Undergrad: 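Once you've had a glance at the structure underneath, I'll fire off some questions.
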There are 2 protein chains.
Amino acid sequence: MFNFQTFFKNVRHIYFSRIKCLIFATALNGSFSMSLEKLRPVENLSQVDKIEMSLQEYLRSENFQPGDSLPKELELAQAMGVSRTAIREALSRFRTLGIIESRKNRGMVIAKPDVFNNMERVLDPQLLDDETMNEIFEMRLVIEVGLGDVLFLRKNDADLSKLERIVEKEEKTTKKIDIVKYDIEFHSMLYKLSGNKTIMRFQKMLLPIFDHVYANLSKDTEAYTGNIPEDMSPVSHRDLLNTLKNGNLEQFRSQMRTHLMVYFKKLSTD
Amino acid sequence: MFNFQTFFKNVRHIYFSRIKCLIFATALNGSFSMSLEKLRPVENLSQVDKIEMSLQEYLRSENFQPGDSLPKELELAQAMGVSRTAIREALSRFRTLGIIESRKNRGMVIAKPDVFNNMERVLDPQLLDDETMNEIFEMRLVIEVGLGDVLFLRKNDADLSKLERIVEKEEKTTKKIDIVKYDIEFHSMLYKLSGNKTIMRFQKMLLPIFDHVYANLSKDTEAYTGNIPEDMSPVSHRDLLNTLKNGNLEQFRSQMRTHLMVYFKKLSTD
DNA sequence: TTTAATACATATGTACGACATATGTATAGC
DNA sequence: GCTATACATATGTCGTACATATGTATTAAA
């Protein structure tokens, strides 16, 4: 096959020189970073990237639906004129994202993707920086305040008694570890009672993060909250439950805000 | 290498018989599906699955941070006693999820993952069923109602004037397509003004879905909403803006709820 | 001495061929 | 008609070779 490297190796330094020239010229007016942003996605694509895009376009144009089966790997490879290796890597991405599923000798089928399936692997507290962690906690507040709208639409006696049982258990214990446990249980139950499986999945996905933060509370008291909220929040789970039972939506939103606001000392003093 | 298939091919029918026997026995008391649920994840792991888990465990135990570089592919392969192909597929998953980045001759480094980066590829309206779409719209309502809490904390005159300009443009036009455009602009701006990049990313990710729904409004009037909200919602963007300017948080939440509630005819009659 | 051009080493990316494994299908035996 | 076998086939895994891009050392030139 034709060897580009051998052919162009003499040209490389010229290429570099021109790039440097470009950097120098654009650095003067400070527009380089902007133009670079626009340049990058044009030609920085690997072969697999192109294959992935091509495949996605193919799936869309042929109107593939969940359950439909894809052509064989070899057919795809031959049709696109690339090796099976490259095709497999592109398909591997789809598999990772849950867009397709594959089984031996059954071929590959379009899957019904679980929206938040992949994110659990990404949301490793170890990899997230403090700013993102704070934002996620803030997003939690936003969602749980808004959750009231759905809860007041769908609440029923069975649901309320489930919450009641958790709150009772919580009130009986004094161990910190149990308080944390029931705290998580209470809020998880709220998501469950929303009846919205997508929202519920979202919360389940975030649980490891909260676990991580709770676990580190004793070690680093400056992080995200100075204390376990139950110790100091002016609104308890019992208050929230009573409002769900006998109060109205507006009260619930305000109380939930206050209940979670202890996580944001800095925020509340802005 | 030892050939398992050749060795066990005579045993296969016996295996099948025993499975059938098990199915028969457990079908009587209906416990089969439960025990199967617990059985499946134990041994249905492919080699690459195991490698992925092992790698993840390795990254966690060694406390890898964003920016740290990983061992070479060959070293990993030799250390785990598998081929480079398998290692590469496991690494490809991490790359797909944005956990690592790789460049030629520079090796691979732990990346700072963008929490919602991968989801855009999954959130193809073509692949999502109606129930999930409805749930996503409901989640949007929940978030935007709760968004008020952050907006009232961080709002300033510059932000409000940005909204003002969008609303003015919206009020001047009569074309449906422009109304949709400014509708998206207005709500996008709210997310932006929240100052929470994670929440903003989440909204950006959902945009294609809203586009898709808006685009299909004329075709299928029964889907998700009977009309473009601006045509009939009792709360306009102007009302929301005025409340942001001069009203209070409680009013904003209620108005946002009403503003978005037109998407849920069925819901509101529950 | 500094700078630019070249050569080399190396890690990932791509390709090809081979076999393993699991599953669907057809065939033979009762 | 049912069961057990043999076969075909698509994905999964492996090993090797080479392409490509990038870092590093060396050399040439100013």
Side-chain angles (χ1 to χ4, degrees), chain A residues 1-21 24 43-52 69-78 80-96 100-109, chain B residues 1-21 24 40 43-52 69-78 80-96 100-109 111:
Chain A
M1 197 176 285
F2 184 73
N3 189 326
F4 280 96
Q5 184 169 18
T6 309
F7 188 76
F8 279 109
K9 64 181 176 185
N10 297 322
V11 191
R12 190 173 153 197
H13 63 280
I14 302 177
Y15 173 70
F16 273 140
S17 301
R18 295 189 61 182
I19 288 289
K20 283 180 185 169
C21 206
F24 179 71
E43 200 48 45
N44 203 11
L45 297 171
S46 72
Q47 178 118 348
V48 177
D49 290 331
K50 294 178 199 161
I51 294 174
E52 184 193 341
S69 60
L70 276 76
K72 295 177 283 187
E73 291 177 349
L74 265 178
E75 288 176 5
L76 290 172
Q78 286 164 1
M80 303 182 66
V82 293
S83 72
R84 195 176 150 223
T85 310
I87 287 282
R88 270 186 68 79
E89 178 152 350
L91 290 171
S92 164
R93 294 185 184 175
F94 290 144
R95 222 174 300 130
T96 303
I100 67 173
E101 285 173 356
S102 56
R103 282 166 63 189
K104 285 180 184 172
N105 195 34
R106 285 208 48 164
M108 293 167 295
V109 296
Chain B
M1 196 178 286
F2 183 73
N3 188 328
F4 281 95
Q5 185 169 17
T6 310
F7 188 75
F8 280 110
K9 65 182 175 183
N10 296 322
V11 190
R12 191 171 154 198
H13 63 280
I14 301 176
Y15 174 68
F16 274 138
S17 301
R18 294 188 63 182
I19 288 288
K20 283 180 186 170
C21 206
F24 179 71
R40 189 166 290 175
E43 199 47 46
N44 203 13
L45 295 173
S46 72
Q47 178 118 351
V48 176
D49 290 331
K50 293 177 200 162
I51 294 174
E52 185 194 339
S69 59
L70 277 73
K72 296 179 281 186
E73 291 177 349
L74 264 177
E75 288 176 6
L76 289 172
Q78 286 164 1
M80 302 181 68
V82 293
S83 74
R84 195 178 150 221
T85 311
I87 287 282
R88 272 186 65 78
E89 178 152 349
L91 291 171
S92 164
R93 295 184 183 175
F94 290 145
R95 224 174 298 130
T96 304
I100 68 173
E101 285 174 357
S102 57
R103 283 167 63 189
K104 286 179 183 173
N105 194 34
R106 286 208 47 164
M108 293 167 294
V109 297

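So you know, we letter chains A, B, ... as the sequences are listed, proteins then strands, and number each from 1. Note that the structure is predicted; figures quoted are calculated from it, not measured.
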Undergrad: For B:Ser69, give me all partners under side chain to side chain contact (heavy atoms under 4.5 Å, CB included), at least two apart in sequence or on another chain.
TA: B:Val109
Undergrad: Between C:dG13 atom C1' and B:Arg95 atom CZ, what is the distance in whole Å?
TA: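 Atom CZ in B:Arg95 sits about 9 Å away from atom C1' in C:dG13.
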Undergrad: Let me know the distance between CG of B:Leu74 and C1' of C:dA9, rounded to the nearest Å.
TA: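 Value for this atom pair: 15 Å.
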Undergrad: For the CE atom of A:Met80 and the CD1 atom of A:Ile51, what is their distance to the nearest 0.5 Å?
TA: 5.5 Å
Undergrad: A:Glu89 has an atom CD; how far is it from atom P of C:dT12, in whole Å?
TA: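 It is 13 Å, rounded to the nearest whole Å.
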Undergrad: Can you name the side-chain hydrogen bond (donor to acceptor under 3.5 Å, both in side chains) partners of B:Asn105, sequence neighbours left out?
TA: none
Undergrad: For A:Gly81 and for B:Arg103, find the nucleotide of DNA chain C with the closest heavy atom, then tell me which residue's nucleotide is more 5'.
TA: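 With A:Gly81 and B:Arg103 compared, the 5'-side residue is B:Arg103.
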Undergrad: So does B:Gln47 get a side-chain nitrogen or oxygen closer than 4.0 Å to the phosphate oxygens (OP1/OP2) of C:dT21?
TA: no
Undergrad: Grab the CG-P distance between B:Leu45 and D:dT13 for me, whole Å please.
TA: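 For the pair B:Leu45 CG and D:dT13 P, the rounded distance is 11 Å.
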Undergrad: Does OP1 or OP2 of D:dA10 have a side-chain N or O of A:Lys72 closer than 4.0 Å?
TA: yes
Undergrad: Take atom CD of B:Glu101 as the centre, draw a 6.0 Å sphere, and report whether it contains more than 12 heavy atoms from other residues, nucleotides or ligands.
TA: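 Counting other residues, nucleotides and ligands, CD of B:Glu101 stays at 12 neighbours or fewer.
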Undergrad: Going by the rule side-chain hydrogen bond (donor to acceptor under 3.5 Å, both in side chains), which residues pair with A:Ser102 if we only count those two or more places apart in sequence or in a different chain?
TA: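 Per chain and number, A:Ser102 pairs via side-chain hydrogen bond (donor to acceptor under 3.5 Å, both in side chains) with A:Arg95.
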Undergrad: Test of understanding: with side chain to side chain contact (heavy atoms under 4.5 Å, CB included), list the residues that count as partners of A:Glu75, not counting sequence neighbours.
TA: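 Applying side chain to side chain contact (heavy atoms under 4.5 Å, CB included) to A:Glu75 gives A:Pro71, A:Lys72.
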Undergrad: Grab the CD1-C1' distance between A:Ile100 and D:dA10 for me, whole Å please.
TA: 13 Å
Undergrad: Using the side-chain heavy atoms of B:Arg106, tell me which of these nucleotides is nearest: C:dT12, D:dG23, D:dT9.
TA: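 Closest nucleotide among those given: D:dG23.
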Undergrad: Could you state the CD-P distance from A:Glu75 to D:dT9, rounded to the nearest angstrom?
TA: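 Taking CD of A:Glu75 and P of D:dT9, I get 12 Å after rounding.
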Undergrad: Consider the side chain of A:Glu73, meaning its heavy atoms from C-beta on, and name the nucleotide among D:dG12, C:dT14, C:dA9 that approaches it most closely.
TA: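 In terms of side-chain proximity for A:Glu73, the closest of D:dG12, C:dT14, C:dA9 is D:dG12.
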Undergrad: Hey, what are the protein-to-nucleotides 15-18 of chain D N/O distances that come in under 3.5 Å?
TA:
none

Undergrad: Counting just side-chain N and O atoms, does A:Arg88 come under 4.0 Å of either OP1 or OP2 of D:dT11?
TA: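 No, because none of the side-chain N or O atoms of A:Arg88 sits under 4.0 Å from OP1 or OP2 of D:dT11.
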Undergrad: Respond yes when some side-chain nitrogen or oxygen of A:Ser102 is under 4.0 Å from OP1 or OP2 of D:dA10, and no when none is.
TA: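 No, A:Ser102 has no side-chain N/O under 4.0 Å of OP1/OP2 on D:dA10.
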Undergrad: With sequence neighbours excluded, tell me which residues meet side chain to side chain contact (heavy atoms under 4.5 Å, CB included) with B:Arg103.
TA: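 B:Arg106.
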Undergrad: Could you state the atom-to-atom distance from NZ of B:Lys104 to P of D:dA21 in whole Å?
TA: 5 Å
Undergrad: Please state how far atom CG in B:Asp49 lies from atom C1' in D:dT13, giving the value in whole angstrom units.
TA: 13 Å
